[in-house]
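Worth saying up front: this structure is predicted, and the values here are computed from it rather than measured. Order of the sequence lines fixes the chain letters, A, B, ..., with proteins taken first and strands second; residue numbering starts at 1 for each chain.
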2 protein chains.
Amino acid sequence: MNNRLRVLRAERKMSQAVLAELLDVSRQTVNAIELGKHDPSLLLAFKVSQVFGLPVEQIFDPGLHGEAKQAAE
Amino acid sequence: MNNRLRVLRAERKMSQAVLAELLDVSRQTVNAIELGKHDPSLLLAFKVSQVFGLPVEQIFDPGLHGEAKQAAE
DNA sequence: ACATTATGTCAATAATACTTGTCAAAACGC
DNA sequence: GCGTTTTGACAAGTATTATTGACATAATGT
């Protein structure tokens, strides 16, 4: 599961620790998700969506189509 | 986490078992999710999204503000 | 150089998603 | 009524994710 957490965080100059607080999870959890070590729960994905003000689909990409990447920006 | 699985399924006259096959999970899993016994993984949520041709946000509803978890029951 | 912040990583544990197997009741068709 | 399908439910087990605590390294600032 690819995700744009790092980019979104960088755009807002937000540390993993700060994001973790906003999401009410540990910093390690944010780190693990950002590095693709595991996927967030659906609820956490929604929280991320809220924090960045973007739909889930524009943050997480299951890569089910392989080629189809996001051209929207 | 509320969801519209039952409605979407009914609209398509699709049984839990058939949906389960499309999602590549067990029927019990579909049932449990539909009844709100637990939430799907993010990946499974994306699969559901694909099957019904709708964005995740239009199928699952976390309460959007984290305030009211399940007020309508 | 030193202190502070940010990040990556490991280990152990808790929580939950998902499984198979099974059973019973409700809904449907014949 | 009878058989089939569908659904709800339960239990026990597996797999995955979330949790904290600790430690190492890199980057930043003074």
Side-chain angles (χ1 to χ4, degrees), chain A residues 1-66 70, chain B:
Chain A
M1 179 84 68
N2 297 328
N3 68 76
R4 304 205 306 135
L5 272 190
R6 177 166 302 181
V7 174
L8 295 172
R9 219 169 32 77
E11 285 175 355
R12 291 157 180 77
K13 293 186 169 67
M14 184 187 301
S15 70
Q16 289 180 348
V18 169
L19 176 57
E21 282 189 16
L22 292 175
L23 296 173
D24 201 36
V25 296
S26 69
R27 180 185 65 80
Q28 287 87 341
T29 294
V30 170
N31 188 19
I33 292 170
E34 190 164 313
L35 296 180
K37 295 206 165 190
H38 58 70
D39 300 334
S41 67
L42 181 56
L43 185 57
L44 184 53
F46 270 113
K47 284 187 182 178
V48 173
S49 172
Q50 285 182 245
V51 165
F52 292 117
L54 293 170
V56 173
E57 283 84 358
Q58 286 182 28
I59 302 176
F60 299 96
D61 176 20
L64 291 175
H65 316 78
Q70 295 171 353
Chain B
M1 179 85 69
N2 297 327
N3 70 74
R4 304 206 306 133
L5 273 191
R6 179 171 302 178
V7 174
L8 295 171
R9 215 166 37 73
E11 285 175 355
R12 291 158 179 78
K13 293 185 170 67
M14 183 187 301
S15 71
Q16 289 180 349
V18 168
L19 176 57
E21 282 189 16
L22 292 175
L23 297 174
D24 200 37
V25 294
S26 69
R27 180 186 66 81
Q28 286 86 341
T29 294
V30 170
N31 188 13
I33 292 170
E34 191 164 312
L35 296 179
K37 293 204 167 188
H38 58 72
D39 300 334
S41 67
L42 181 56
L43 185 58
L44 184 52
F46 271 113
K47 285 186 182 179
V48 173
S49 172
Q50 283 185 255
V51 166
F52 291 117
L54 293 170
V56 174
E57 283 84 358
Q58 285 182 28
I59 302 176
F60 299 97
D61 176 22
L64 287 171
H65 297 336
E67 302 259 335
K69 269 195 170 183
Q70 293 168 350
E73 273 200 40

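- For the atom pair Arg6(A) CZ and Asn31(A) CG, the distance stands at 8.0 Å (nearest 0.5 Å).
- The NZ atom of Lys13(B) sits 14 Å away from the P atom of dT6(D) (whole-angstrom rounding).
- Rounding to the nearest 0.5 angstrom, the gap separating the CG atom in Leu43(A) from the CG atom in Leu42(B) is 11.0 Å.
- Taking atom CD of residue Glu21(B) and atom P of nucleotide dT20(C), one finds them 12 Å apart after rounding to whole Å.
- Remark: C1' of dT19(D) and CG of Asp24(A) are 12 Å apart, rounded to the nearest angstrom.
- In this structure, of dC10(C), dT19(D), dT7(C), it is dC10(C) that holds the atom nearest to the side chain of Lys37(A).
- The phosphate of dT19(C) has OP1 or OP2 within less than 4.0 Å of a side-chain N or O from Ser26(B).
- Distances were taken from every side-chain heavy atom of Arg27(B) (C-beta onward) to each of dT22(C), dA22(D), dT7(C); the shortest belongs to dT22(C).
- Between dG8(C) and Asn31(A), a contact under 4.0 Å exists linking OP1 or OP2 to a side-chain N or O.
- Atom-to-atom, CZ of Phe60(A) to P of dT17(D) comes out at 13 Å; the value is rounded to the nearest Å.
- The nucleotide whose nearest atom lies closest to any side-chain atom of Asp39(B) is, among dA17(C), dG8(D), dC23(D), dA17(C).
- As rounded to whole Å, 13 Å separates atom C1' of dC18(C) from atom CG of Leu43(B).
- Following rounding to the nearest Å, His38(B) (NE2) and dT19(C) (P) show an atom-to-atom distance of 8 Å.
- Judged by atom type and distance alone, Gln28(A) does not reach the base of dG8(C) through any side-chain donor-acceptor pair under 3.5 Å.
- Closest approach to the Ser41(A) side chain among dC18(C), dT9(C), dA18(D) is made by dA18(D) (side chain taken as heavy atoms from C-beta onward).
- When distances are taken from the side chain of Arg6(A) to each of dC23(C), dA18(D), dG8(C), the shortest belongs to dG8(C).
- Among the nucleotides dT6(D), dA9(D), dT7(C), the one closest to the side chain of Ser15(A) is dT7(C).
- One can place CG of Leu35(A) at 13 Å from P of dA18(D), the figure rounded to the nearest angstrom.
- Between dG8(C) and Gln16(A), a contact under 4.0 Å exists linking OP1 or OP2 to a side-chain N or O.
- Atom C1' of nucleotide dT17(D) and atom CD of Glu34(A) are separated by 17 Å, given to the nearest angstrom.
- Taken to the nearest 0.5 Å, the CG atom of Leu19(B) stands 4.5 Å off from the CZ atom of Phe52(B).
- Taking CE of Met14(B) as the start and CG of Leu8(B) as the end, the distance is 9.0 Å to the nearest 0.5 Å.
- Once rounded to the nearest 0.5 Å, the distance linking NZ of Lys47(B) with CG of Asp24(B) reads 5.0 Å.
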